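To find a chain, count down the sequence lines: A is the first, B the second, and so on, and within it residues start at 1. Nothing here was measured: the structure is a model prediction, and the numbers come from that model. Any value given below was found using the heavy atoms of this structure, including those in side chains, with hydrogens, waters and symmetry copies removed.
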2 protein chains.
Amino acid sequence: MTPTTAGDEDSDARRRRRRSGAAIKESMRELSVQLSLLNHQISASFDLRDTDFDCLDVIKRHGPLTPSGLARRTGLHAATLTGILDRLERGEWIARERDPADRRAVIVRARRERNPELFRKFAGMNSAMDGLLADYSPDQLELLADFLRRTADAGRGATDALVRGAD
Amino acid sequence: MTPTTAGDEDSDARRRRRRSGAAIKESMRELSVQLSLLNHQISASFDLRDTDFDCLDVIKRHGPLTPSGLARRTGLHAATLTGILDRLERGEWIARERDPADRRAVIVRARRERNPELFRKFAGMNSAMDGLLADYSPDQLELLADFLRRTADAGRGATDALVRGAD
DNA sequence: TCGTACGATACGAGAACCGTAGCATCTATT
DNA sequence: AATAGATGCTACGGTTCTCGTATCGTACGA
């Protein structure tokens, strides 16, 4: 919950810190890979590509938005997004609407009808997580929630930096 | 570090637990999306596809293995893996070797030469993580490391279940 | 020795990606 | 008000990817 500041520590604490830090990054990388593979299986079962559900998630989270806004946020090519949105629309995951304010623009809105279906695919991971979370105290859970939220933010920042800077 | 057992709790604790649990899953999903997009940018910058580095990671982690073993572990189609390994080999990320024991088999080995180059792409995310981790105590870091490791395992289990069962 | 199973890749049809062009529309400038 | 340029989205097309199937070499049980 309340992270301590890392002012001065004895060498033992510093060593533990270094070890855990490395372990965290290591597990994070593996977690990323596993979630990607899980996502691949689920996407394929709905006749979608890997990035499609990523986009759908962004649409759900950041409200109705335009294809170009989605392209900026994801770093994907605008023309690629046409294909992604075509598939998502064909599968009735989203709806394309016209923007009354700007008639060039299209507004992409997430449809929730198929959410339960998608939820069922995640049931395995979900119940595994429930079992795992049961081992932690409310305080610990809040620590974890906060950490994950901040890490997700860091990921967004890192992606943005890569998209902007050509490096 | 030492998770408490969730035997009996008052309603307040239960409510906190439920809220945090939901927040954790929510952030995990967002984290997954952000890391996928980050991975996409990095892969593209090396002329690779999204899943290529996922495979490379599995190869690095689970030692030299055969294409079919990799297919089983990742749930990807064997023919698709030929293409993935072609790209990884062309980029000198892996080497294909013959198995002296079974002359049909090929052994895929990760090459480490380009690791620094890859590491540089992750520098942004890496330093962001360092800044973030500095806010936690050694005990808290160990809690986080353990949680992530167990979550990654859960992800692997869920993927396996989806690959096996046709659901 | 033979038949079957298995590992890896070749092949090809269909699809995806993305650079570019095109069209419609908006906005700033004069 | 008129025009030039910018912007939003999608069509088009070349290159590349995916994945079902076929193929070839090898292993192994009968």
Fill in the blank from the handout: Rounding to 0.5 Å, atoms CZ (A/F53) and CG (A/L48) come to a distance of 5.0 Å
Exercise for the section: For the pair A/T51 (side chain) and A/D54 (backbone), establish whether a donor and an acceptor sit closer than 3.5 Å, ignoring hydrogens and angles. Expected result: no
Exercise for the section: Please check the phosphate of C/dA8 (OP1 and OP2 only) for any side-chain N or O of B/T82 closer than 4.0 Å. Expected result: no
Problem - Close side-chain approach of B/R29 and A/L35, heavy atoms under 4.5 Å - result: no
Problem - SB check B/K60 B/D57 (cutoff 4.0 Å) - result: no
Practice task
Verify the neighbour count for atom CZ of B/R19: are there more than 12 heavy atoms of other residues, nucleotides or ligands below 6.0 Å?
Solution key: no
Handout entry: Cation-aromatic face contact A/K121/A/F46, 6.0 Å, 45 degrees
Key = yes
Completion exercise
Result for 5'-nearest mapping on DNA chain D, choosing between A/H40 and A/I107, is A/I107
Handout entry: Terminal contacting nucleotides, 5' and 3', DNA chain D versus chain B (heavy atom, 4.0 Å)
Key = D/dC17 to D/dA27
Practice task
Please list residues of residues 50-59 of chain A whose heavy atoms come under 4.0 Å from any atom in DNA chain C, ordered by number; otherwise none.
Solution key: none
Completion exercise
To the nearest angstrom, the CG-C1' distance between A/L76 and C/dC18 comes to 11 Å
Exercise for the section: For B/D86 and for B/A44, locate the closest nucleotide of DNA chain C by heavy-atom distance; then report the residue assigned to the nucleotide nearer the 5' terminus. Expected result: B/D86
Exercise for the section: Would you kindly give the NE2-to-P distance between A/H77 and C/dA21, to the nearest whole Å? Expected result: 12 Å
Practice task
Side-chain contact test, heavy atoms from C-beta onward, threshold under 4.5 Å: evaluate it for A/V106 versus A/T66 and give yes or no.
Solution key: no
Problem - DNA chain C contacts made by residues 92-106 of chain B, counting heavy atoms under 4.0 Å - result: B/R96, B/R104, B/A105, B/V106
Completion exercise
Angle separating the five-pair end axes of the helix from C/dT1-D/dA30 to C/dT30-D/dA1, nearest 10°, is 20°
Handout entry: Side chains of B/Q34 and B/L38 in contact at under 4.5 Å (non-hydrogen atoms)
Key = no
Handout entry: Salt-bridge present (A/R61, B/E26; N to O < 4.0 Å)
Key = yes
Exercise for the section: May I ask you to say what B/T80 touches in the nucleic acid, namely base, sugar-phosphate or nothing, with a heavy-atom cut-off under 4.0 Å? Expected result: base
Exercise for the section: Say whether B/L88 and B/I107 are linked into one hydrophobic cluster, either directly or through other cluster members, by side-chain heavy-atom distances under 4.5 angstrom. Expected result: no
Check nucleotides 13-16 of chain C against the protein and report each pair of N or O atoms closer than 3.5 Å, with its distance, or say if there are none.
residue, atom, partner, partner atom, Å
C/dA16, OP1, A/R87, NH1, 3.3

Problem - Check ion pair A/R16-B/D139 (N to O, under 4.0 angstrom) - result: yes
Practice task
May I ask you to say whether B/R96 pairs ionically with B/D86, meaning some side-chain N is under 4.0 Å from a carboxylate O?
Solution key: yes
Practice task
Using a 4.5 Å cut-off on heavy atoms from C-beta on, say whether the side chain of A/N39 contacts that of B/S32.
Solution key: no
Practice task
Validate the cation-pi geometry between B/R114 and B/W93: distance from NZ or CZ to the six-membered ring centre under 6.0 Å, angle to the ring axis within 45°.
Solution key: yes
Handout entry: Minimum side-chain heavy-atom gap B/I84-B/R49 below 4.5 Å
Key = no
Practice task
Using the salt bridge (charged side-chain N to carboxylate O under 4.0 Å, His left out) rule, collect all pairs that involve residues 75-85 of chain B, keeping only residues at least two apart or in two chains.
Solution key: none
